[in-house]
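Read through the structure below, which is laid out as structure tokens, and then see the notes.
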Amino acid sequence: QVQLVESGGGLVQAGGSLRLSCAASGGTFRNYAMGWFRQAPGKEREFVAAISYWSGAGTYYGDSVKGRFTISRDNAKNTVTLQMNGLKPEDTAVYYCAGGRGSTTSTAYDYWGQGTQVTVSS
């Protein structure tokens, strides 16, 4: 059973940056594709970014974050990171780390973290 724990959320002004991290344990990390999703109050969970398993050569982004967010993985440390630059108030949400087969859809992921709050003030 894989456990995922996110960290790095917080309050930031518009235009600022945050770096989210997700630490994995209990499984063979490199065998899982990893993703980040977010959910704002009253809205459905939204795909943010994903990275392929093993080398992480493949990265994918939601349209709303392309060019601003970067996903990366460190298999030696069992972590996946989401660097968020140029943050906007509409980026405010709970951000979830996920592990699984990999895709832009949440149903492709079997393991989820508890979420970390990101709040962007205008």
Side-chain angles (χ1 to χ4, degrees):
Q1 186 74 11
V2 176
Q3 290 84 41
L4 302 174
V5 179
E6 302 96 335
S7 61
L11 174 64
V12 65
Q13 289 188 334
S17 298
L18 279 176
R19 187 178 180 89
L20 303 184
S21 292
C22 174
S25 61
T28 306
F29 178 73
R30 64 180 180 273
N31 289 347
Y32 294 98
M34 300 298 296
W36 286 95
F37 289 77
R38 67 187 183 187
Q39 189 165 18
K43 295 187 177 182
E44 294 187 352
R45 191 164 293 190
E46 176 190 13
F47 170 73
V48 175
I51 188 166
S52 59
Y53 65 101
W54 281 94
S55 67
T59 56
Y60 312 90
Y61 297 93
D63 289 340
S64 61
V65 307
K66 280 180 183 176
R68 300 188 296 123
F69 291 10
T70 302
I71 189 171
S72 60
R73 68 187 299 156
D74 185 337
N75 291 335
K77 295 182 179 179
N78 287 359
T79 58
V80 60
T81 298
L82 185 69
Q83 177 66 43
M84 305 186 295
N85 298 329
L87 283 162
K88 305 174 182 180
E90 51 263 44
D91 293 319
T92 295
V94 177
Y95 283 70
Y96 297 91
C97 173
R101 300 184 301 280
S103 152
T104 60
T105 58
S106 60
T107 53
Y109 295 86
D110 302 307
Y111 307 105
W112 292 83
Q114 81 289 349
T116 186
Q117 177 70 46
V118 171
T119 303
V120 184
S121 63
S122 56

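Quantities reported herein were computed from a predicted structural model and do not represent experimental measurements. Along the sequence shown, residues are numbered consecutively beginning with 1.
Side-chain contact check for Glu46 and Ser64: at least one donor-acceptor pair (N or O, by modelled atom type) lies under 3.5 Å.
You'll find the side chain of Phe29 stays beyond 4.5 Å of the side chain of Lys77, heavy atoms only. You'll find the side chain of Trp36 reaches within 4.5 Å of the side chain of Cys97, heavy atoms only. Between Gln117 and Thr92, the closest side-chain pair of non-hydrogen atoms falls below 4.5 Å. The closest side-chain heavy-atom distance from Met84 to Val118 is below 4.5 Å. Here the side chains of Ser21 and Thr79 are not in contact, with every heavy-atom distance at 4.5 Å or above. At a threshold of 4.5 Å between non-hydrogen side-chain atoms, the residues Ile71 and Tyr60 do not count as touching.
Between Arg30 and Tyr53, the shortest heavy-atom contact is O-CB, 3.3 Å. Shown here for Val48 and Phe69, the closest heavy-atom pair between the two residues is CG1-CD2, 3.7 Å. Taking all atoms of both residues into account, the shortest heavy-atom contact from Ala57 to Ser52 is N-OG, 3.3 Å. Nearest approach of Tyr95 to Leu20, heavy atoms of both residues: CB-CD1, 3.6 Å. Considering every non-hydrogen atom in both Ala50 and Ser103, the closest pair reads CB-O, 4.1 Å. Of all heavy-atom pairs spanning Ser17 and Gly86, the tightest one is OG-N, 4.4 Å.
Hydrophobic clustering places Leu18 together with Val120 (ILVMFWY residues linked when any side-chain heavy atoms are closer than 4.5 Å, directly or through intermediates). No continuous path of ILVMFWY side-chain contacts below 4.5 Å connects Phe37 to Leu4, so the two sit in separate hydrophobic clusters. Hydrophobic clustering (ILVMFWY, side-chain heavy atoms < 4.5 Å, transitive): Tyr61 and Ile51 are in one cluster.
Under the rule for a side-chain contact (heavy atoms from CB on, under 4.5 Å), Ala33 has no partner lying at least two apart in sequence or in another chain.
Atom CZ of Arg45 and atom OH of Tyr96 lie 5.0 Å apart (nearest 0.5 Å). Between atom CG of residue Leu82 and atom OG1 of residue Thr70 there is a gap of 8.0 Å, rounded to the nearest 0.5 Å. The structure places CG of Asn78 at 9.0 Å from OG1 of Thr28, a figure rounded to the nearest 0.5 Å. Here CD of Gln83 is found 5.0 Å from CZ of Arg19. Values are rounded to the nearest 0.5 Å. Between Arg68 atom CZ and Leu87 atom CG the span is 6.5 Å, to the nearest 0.5 Å. The structure places CH2 of Trp54 at 6.0 Å from CG of Asn31, a figure rounded to the nearest 0.5 Å.
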Derivation of the side-chain contact (heavy atoms from CB on, under 4.5 Å) call for Val65 and Arg38: CA-CA 11 Å; Val65 307; Arg38 67 187 183 187; 3.9 Å; yes

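Shown here is Phe47, whose CZ atom has more than 12 heavy atoms of other residues, nucleotides or ligands within 6.0 Å.
No cation-pi contact links Arg73 to Tyr32, judged by a cut-off of 6.0 Å to the six-membered ring centre and 45° from its axis.
Checked for salt-bridge contact, Asp63 and Lys66 meet the test: a charged N lies under 4.0 Å from a carboxylate O.
Judged by distance alone, with hydrogens and angles left aside, the side-chain atoms of Gln114 form no donor-acceptor pair with the main-chain N or O of Val5 at under 3.5 Å.
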